[in-house]
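Below, read A as the first sequence line, B as the second, and so on, with proteins coming before strands; counting in each chain starts at 1.
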Amino acid sequence: MRIATWNVNSLRARIDRTLAVLERWDLDVLAIQETKCRDEQFPVGAFADAGYEVAHTGLNQWNGVAIASRVGLTDVATSFPGQPGFLKPEPGGHGDQDAELPAASAPSAPLLDLEPPPEARAIGATCGGVRVWSLYVPHGRALDDPHYRYKLGWLERLRDAARGWAAEEGAQVALLGDWNVIPRDTDVYDVADFAGKTHVSPLERAAFEAFAPAGYTEVTREHVPAEHTYTYWDYQRLAFPRNKGLRIDFAWTTSTVAQRVRGVWIDREERKGKGASDHVPVVLELAD
DNA sequence: ATGTCAGCGATGCGCTGA
């Protein structure tokens with residue numbers, strides 16, 4: 001079985017490239033991030049014509065995650081248990097005190113719901129016997145931004161949920177996506193450029209590595225160990241021609257899946273030419 | 001050239017997010 005993860009950075013802007021990736025790599029499953037569309041805008045027909053079922057969650061023009069599969073797609077979950085939301089802080093305000101109160105016709109609803117709903121950053125489905133999650137970890141924006149705490153909490157809650165999924169003997173789970181963490185100094189063109197920024201902080205790196213004691217192995221590193229091997233290049237400042245990239249797309253899997261991995265490929269060619277995403281696909285070949 | 005890109009709202013660009 002061949003499975004891949006790709007932050008496509010707008011599915012509608014790159015549907016032709018997406019279909020080409022499915023065909024080029026003969027993919028059975030593709031975990032997609034940053035579809036940037038609502039469910040009703042998702043190009044279901046294009047996937048169906050190519051022989052793929054799809055599951056998607058997209059609430060607005062931001063985020064959006066999907067799984068396409070031609071080996072079955074069941075038990076879809078559009079968030080993970082405990083997945084936090086992000087409450088955009090009001091300048092000088094106190095949370096969502098101005099939010100609409102629940103209608104009086106909903107007596108069971110709490111008077112004030114202070115918990116923001118999850119964003120469209122996680123979707124899970126069982127494909128060909130593997131529990132696949134397509135994940136778009138929050139960016140964090142800046143170390144002093146509320147989004148950074150959100151990112152850390154999001155990863156911690158995901159790890160807590162993932163620990164439970166891995167607990168069953170022989171569980172086949174794959175956590176695929178854009179982790180927005182640079183785990184090692186050699187995963188970036190020049191770590192000095194990230195001093196004081198997100199993606200390299202000790203807390204982010206610890207939150208990333210915490211998936212190991214939770215029962216997971218990061219299989220892309222195992223199979224593509226070369227330093228300065230990137231999966232993302234910024235659109236700005238000619239980052240790709242200068243190879244100023246980041247390695248931030250990874251696959252944490254349970255040991256049963258990790259033992260099945262026969263190879264991993266980073267599709268660097270996909271970053272070339274007009275209309276490329278800023279991320280490239282990461283492809284995993286699993287033994288039957 | 002801070003050498004970009006996508007989506008949105010209301011345009012013929014400014015804003016947001018990355």
**Prompt:** Is any side-chain N of the basic residue among A/D267 and A/K272 closer than 4.0 Å to the acidic one's carboxylate O?
**Reply:** no
**Request:** Grab the CD-P distance between A/Q61 and B/dC15 for me, whole Å please.
**Result:** 16 Å
**Prompt:** Whole Å only: how far is the CZ atom of A/F194 from the C1' atom of B/dA18?
**Reply:** 12 Å
**Item:** Residue-phosphate contact under 4.0 Å: A/S10 side-chain N/O, B/dG7 OP1/OP2
**Value:** yes
**Request:** Rounded to the nearest angstrom, tell me the gap between atom CD in A/E34 and atom P in B/dT4.
**Result:** 19 Å
**Complete:** Minimal heavy-atom distance between A/V219 and A/A258, with the atoms involved, is CG1-CB, 3.6 Å
**Prompt:** Closest to the A/Y235 side chain: B/dC5, B/dA18, B/dG3?
**Reply:** B/dC5
**Complete:** Which of B/dA18, B/dC8, B/dA6 is nearest the side chain of A/Q41? It is B/dC8
**Fill in**
Assert: residue with more 5' nearest nucleotide on DNA chain B, out of A/A276 and A/D178, is A/A276
**Asked** Which value, in whole Å, describes the distance between the P atoms of nucleotides B/dA10 and B/dT16?
**Response** 14 Å
**Message:** I want to check one thing: is the phosphate of B/dA18, taken as OP1 and OP2, less than 4.0 Å away from some side-chain N or O of A/R121?
**Reply:** yes
**Request:** Can you tell me, in whole Å, how much space there is between the P of B/dA6 and that of B/dT11?
**Result:** 23 Å
**Item:** Heavy-atom neighbours of A/R24 CZ exceed 12 at 6.0 Å
**Value:** yes
**Request:** Could you tell me the separation between the CZ atom of A/R242 and the P atom of B/dA1, rounded to a whole number of Å?
**Result:** 13 Å
**Message:** Classify A/R14 by what it touches in the nucleic acid, base, sugar-phosphate, or nothing, heavy-atom distance under 4.0 Å.
**Reply:** sugar-phosphate
**Asked** Considering only the P atoms, how many Å lie between B/dG7 and B/dG3, rounded to the nearest integer?
**Response** 23 Å
**Request:** Step through the shown structure and confirm whether more than 12 heavy atoms of other residues, nucleotides or ligands are within 6.0 Å of CD on A/E222.
**Result:** yes
**Request:** For the side chain of A/L238, starting at C-beta, report the closest nucleotide among B/dA18, B/dG3, B/dG7.
**Result:** B/dG3
**Asked** To the nearest angstrom, how far is A/H199 atom NE2 from B/dG17 atom C1'?
**Response** 12 Å
**Message:** Whether A/R12 contacts B/dA6 is assessed here as follows: a side-chain N or O lying under 4.0 Å from the phosphate OP1 or OP2. Is that the case?
**Reply:** no
**Request:** Give a yes or no on whether a salt bridge exists between A/D234 and A/R242, defined as a side-chain N under 4.0 angstrom from a carboxylate O.
**Result:** no
**Asked** In whole Å, what separates the P atom of B/dT2 from that of B/dC8?
**Response** 29 Å
**Asked** For atom C1', what is the distance between B/dG12 and B/dG17, given to the nearest Å?
**Response** 23 Å
**Request:** Could you check how far CG of A/N7 sits from P of B/dT4, rounded to whole Å?
**Result:** 20 Å
**Item:** Atom-pair distance (NE2 on A/H147; P on B/dA18), nearest Å
**Value:** 5 Å
**Request:** Take A/A13 and A/N63, find for each the nucleotide of DNA chain B with the closest heavy atom, and name the residue whose nucleotide sits nearer the 5' end.
**Result:** A/A13
**Asked** Is A/R205 salt-bridged to A/D187, cutoff N-O under 4.0 Å?
**Response** no
**Asked** Starting at CZ of A/F240 and ending at P of B/dG3, how long is that distance when rounded to a whole Å?
**Response** 18 Å
**Prompt:** For the side chain of A/R38, counting heavy atoms from C-beta on, which of B/dA6, B/dA18, B/dC8 is nearest?
**Reply:** B/dC8
**Request:** Please work out if A/Y136 contacts a base, only the sugar-phosphate, or nothing of the nucleic acid, heavy-atom cut-off 4.0 Å.
**Result:** sugar-phosphate
